[in-house]
Amino acid sequence: MSTPQSHPARHRVVVIGSGFGGLFATKALRRTDVDVTVIDRTTHHLFQPLLYQVATGILSEGEIAPSTRMILKDQRNATIRIGNVTTIDLAARTVTSEHLGRTTVTGYDSLIVSAGAQQSYFGNDHFAEHAPGMKTIDDALEIRGRILGAFEHAEVCDDPDERKRLLTFVVVGAGPTGVEMAGQIAELAHRTLVGVYTNIDPRTARIILLDAASAVLPPFGDNLGSRAAETLERLGVEVRLGASVTKVDATGLTYRDSEGARHRIESICKVWSAGVAASPLGRQLAKQCGALVDRAGRISVEGDLSLPGHPNVFVVGDMMSLDRLPGVAQVAIQGGRYAAHTIAAEVTSTAKRRPPPGRKPFEYRDKGSMATISRFNAVASVAGIELAGFVAWVMWLAVHVVYIVGFRSRIATLLSWTLTFLGSWRGQMTTTEQQTIARNALGELHHLRTRREDTDDDIARVS
């Protein structure tokens, strides 16, 4: 075990997570007299809203996930540490992380927790084996392999029933990610891949969007939800609402409709985008400070985003529960900046031997909601104004370009979008068998290791 030491004269800020909340908090502390340590299980900053474009061959992973070290290389007061945070000790003011068998304990004076969320299967985690979610680069690359692999396998398949299963794609969840995913699979089948196969016509593919809710894009309201559903259906997507998935296996899934009847869809390629759950660190923190945790694992915070009884610990982004704020990038960005500015103001006051300024409650400025459906089609709700179609799509492009981190990433993304949306070319269609089977292979490896460790323990007890 190693325990990093910081200069005792400087205030120590630990930031957990390099997503929107963590990264923007770290950058906001650039000119503050503090030492910032960013701890995350990956070494990249992920622009998660564009993961579906990696999964469907529009963008490369590097365009939406630049290296955190490269982003912060000129920030002298920032240190990057790779590791999976396992324990936060509020009493001792330490964070314990693990990486490749090495355990590191990092002390802090102020802590910003922005560990994000993971895919939720509503208690059916075994669904993940056959219907991966889309929260990481690994997820997106696996899904890309499954989608394009389904077309390749159908090309060489002689069994009509098996070919039908291969060319049936099911997306579970009609929120922004599910809508965007279903729309892009439809564009792949009906536009990009037309004419590239000899034995199959990709346009015969079925794309089905399922959701237990009664509307598409519920947070956007009935009008925009209906517009989105109509656009998807024009693209050839079958939208089935009031459909609760009860079983997922290798060859398909079963769902129950709003009247209780059960239906089976034969499909090899399924994508899950139906729900999210906050990082387990939220529940760990709640046990120590007595805060409430909601059904999604989000922890209740004070008006200044701090934990009850721990004004030096801030929780931002998808992990926090406050005023029913949505789990979107803007909430994380604004929350991260707010926490950083609060820390900076108090550190500066202490250095000047002044009493700390009073904290104003966090105020979220809603900049609207947007979701793209297909080329030239999107829906947007901004300041109470609802837009759909081409204008909303242009707004969506502009907003997403602004929040992509790094000039080179912005230019590369714009070039990829130009080639994809003005033509039919997609430059990221490469897949490997390793990408497609990695999840199951890693699961089997973990199973073998666990079984080996159990055997070693049994041998040790006998000896």
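Just so it is clear, the structure is predicted and the values come from calculations on it, not from any experiment.
- Contact record, Gly83 with Ile39: O-CG2, 3.8 Å, taken as the closest heavy-atom pair.
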Salt bridge (charged side-chain N to carboxylate O under 4.0 Å, His left out) between Arg227 and Glu230: does it pass, once the steps are laid out? CA-CA 5 Å; Arg227 295 281 295 272; Glu230 291 170 2; 5.0 Å; no
Output, in order, the C-alpha distance, side-chain angles, deciding distance and verdict of side chain to side chain donor-acceptor pair (under 3.5 Å) for Thr246 and Arg262. CA-CA 9 Å; Thr246 58; Arg262 294 186 180 273; 3.2 Å; yes
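- Asp323 places no side-chain N or O within donor-acceptor distance of the main-chain N or O of Leu325, the cut-off being under 3.5 Å.
- Under the rule for a side-chain contact (heavy atoms from CB on, under 4.5 Å), the partners of Glu233 that lie at least two apart in sequence or sit in another chain are Val239.
- The stretch residues 208-243 participates, sequence neighbours left out, in no ring pair (Phe, Tyr, Trp, His ring centres under 6.0 Å) pair at all.
- Looking only at distances, no side-chain donor or acceptor of Asp318 sits under 3.5 Å from a matching main-chain atom of Gly116.
- Here the closest non-hydrogen pair linking Val248 and Trp272 is CG2-CZ3, 4.5 Å.
- Distance OG/Ser369 to CG/Leu224: 9.5 Å, rounded to 0.5 Å.
- When all heavy atoms of Ser18 and His45 are compared, the closest pair comes out as O-ND1, 2.9 Å.
- The ring-ring contact (aromatic ring centres under 6.0 Å, His included) search around His126 returns none, not counting sequence neighbours.
- Panel note: side chain Asp294, backbone Gly297; a donor-acceptor pair is recorded below 3.5 Å.
- Among residues at least two apart or in separate chains, ring pair (Phe, Tyr, Trp, His ring centres under 6.0 Å) pairs with a member in residues 166-189 are Phe151-Phe169.
- Distance check, rounded to the nearest 0.5 Å: CG of Leu166 to SG of Cys157 gives 5.5 Å.
- When atom types are taken as modelled, the side chain of Asn199 and the backbone of Glu155 share a donor-acceptor pair closer than 3.5 angstrom.
- Looking only at side-chain heavy atoms (C-beta outward), Ile64 and Ile137 come within less than 4.5 Å of each other.
- Between Glu162 and Lys164, none of the side-chain N atoms (NZ, or NE/NH1/NH2) sits under 4.0 Å from a carboxylate O, so this pair counts as no salt bridge.
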Should Met134 and Thr177 be marked as a side chain to side chain contact (heavy atoms under 4.5 Å, CB included) after you check the CA-CA gap, both sets of side-chain angles, and the distance that decides it? CA-CA 9 Å; Met134 196 156 48; Thr177 300; 3.5 Å; yes
Test log, rule side chain to side chain donor-acceptor pair (under 3.5 Å), inputs Asn84 and Glu98: CA-CA 5 Å; Asn84 180 41; Glu98 296 182 354; over 6 Å; no
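- Inter-residue side-chain proximity for Ser267 and Leu253 is flagged as unmet; no heavy-atom pair is nearer than 4.5 Å.
- Put simply, CZ on Arg408 and OG1 on Thr413 are 13.5 Å apart, with the number rounded to the nearest 0.5 Å.
- Contact annotation: the side chain of His341 never approaches that of Leu29 to less than 4.5 Å [non-hydrogen atoms, C-beta and beyond].
- For His190, the ring-ring contact (aromatic ring centres under 6.0 Å, His included) test picks out no residue, with sequence neighbours left out.
- Using a 4.5 Å heavy-atom cutoff, the side chains of Phe421 and Trp393 are in contact.
- Across Glu63, Gln428, Arg144, a single residue satisfies side-chain contact (heavy atoms from CB on, under 4.5 Å) together with Val54, and that is Arg144.
- Put simply, the side chain of Ile411 does not reach to within 4.5 Å of the side chain of Leu415, judged on heavy atoms.
- When each of Ile207, Leu209, Asn377 is tested with Leu232 by the rule side-chain contact (heavy atoms from CB on, under 4.5 Å), just one qualifies, namely Leu209.
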Give the intermediate values and the outcome of side chain to side chain contact (heavy atoms under 4.5 Å, CB included) for residues Leu285 and Leu307. CA-CA 9 Å; Leu285 291 171; Leu307 292 181; 4.1 Å; yes
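- No side-chain donor-acceptor contact under 3.5 Å links Gln184 to the backbone of Gly57.
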Please step through side chain to side chain contact (heavy atoms under 4.5 Å, CB included) for the pair Tyr364 and Gln330, ending with a clear verdict. CA-CA 9 Å; Tyr364 172 60; Gln330 267 301 320; 3.6 Å; yes
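- Other residues, nucleotides and ligands contribute at most 12 non-hydrogen atoms within 6.0 Å of the NE2 atom of His153.
- Shortest non-hydrogen contact noted between Lys135 and Leu46 is O-CD2, 3.5 Å.
- For the 3.5 Å distance criterion, the side chains of Thr136 and Asp139 qualify, holding a donor opposite an acceptor.
- Here the OH atom belonging to Tyr338 is positioned 7.0 Å from the CZ atom belonging to Phe314, to the nearest 0.5 angstrom.
- With hydrogens and angles disregarded, no donor-acceptor distance shorter than 3.5 Å links the side chain of Ser114 to the backbone of Gly317.
- Contact annotation: the side chain of Val171 never approaches that of Leu210 to less than 4.5 Å [non-hydrogen atoms, C-beta and beyond].
- Environment of CG in Leu292: sparse, with no more than 12 heavy atoms of neighbouring residues, nucleotides or ligands closer than 6.0 Å.
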Before giving the answer on side chain to side chain donor-acceptor pair (under 3.5 Å), spell out for Arg426 and Gln53 the whole-Å C-alpha distance, their side-chain angles and the decisive distance to 0.1 Å. CA-CA 10 Å; Arg426 297 193 181 203; Gln53 295 200 3; over 6 Å; no
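- Thr26 contributes atom OG1, which lies 11.0 Å from atom CZ of Phe24 (distance to the nearest 0.5 angstrom).
- Atom CZ of Arg41 has 12 or fewer neighbouring heavy atoms from other residues, nucleotides or ligands inside a 6.0 Å radius.
- Shown here are the side-chain contact (heavy atoms from CB on, under 4.5 Å) partners of Asp222, two or more places apart in sequence or in another chain: there are none.
- Taken from OG in Ser424 to CD in Glu187, the straight-line distance is 10.5 Å, to the nearest 0.5 Å.
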Verdict with reasoning, Leu241 to Val216, per side chain to side chain contact (heavy atoms under 4.5 Å, CB included): CA-CA 8 Å; Leu241 302 173; Val216 171; 4.1 Å; yes
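- A donor-acceptor contact shorter than 3.5 Å is absent between the side chain of Arg256 and the backbone of Ser244.
- Within 6.0 Å of atom CG in Asp158, 12 or fewer heavy atoms from other residues, nucleotides or ligands are found, so the atom counts as exposed in its surroundings.
- At a threshold of 4.5 Å between non-hydrogen side-chain atoms, the residues Leu72 and Leu23 count as touching.
- The distance between the ring centers of Trp396 and Trp417 falls below 6.0 angstrom.
- Nearest heavy-atom pair, Ala28 versus Ala340, reported as atom, atom and distance to 0.1 Å: CB-CB, 3.6 Å.
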Side chain to side chain donor-acceptor pair (under 3.5 Å) between Ser306 and Asp304: does it pass, once the steps are laid out? CA-CA 5 Å; Ser306 68; Asp304 60 1; 2.6 Å; yes
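- Considering all non-hydrogen atoms of both residues, Thr251 and Arg264 come closest at OG1-NH2, 3.1 Å.
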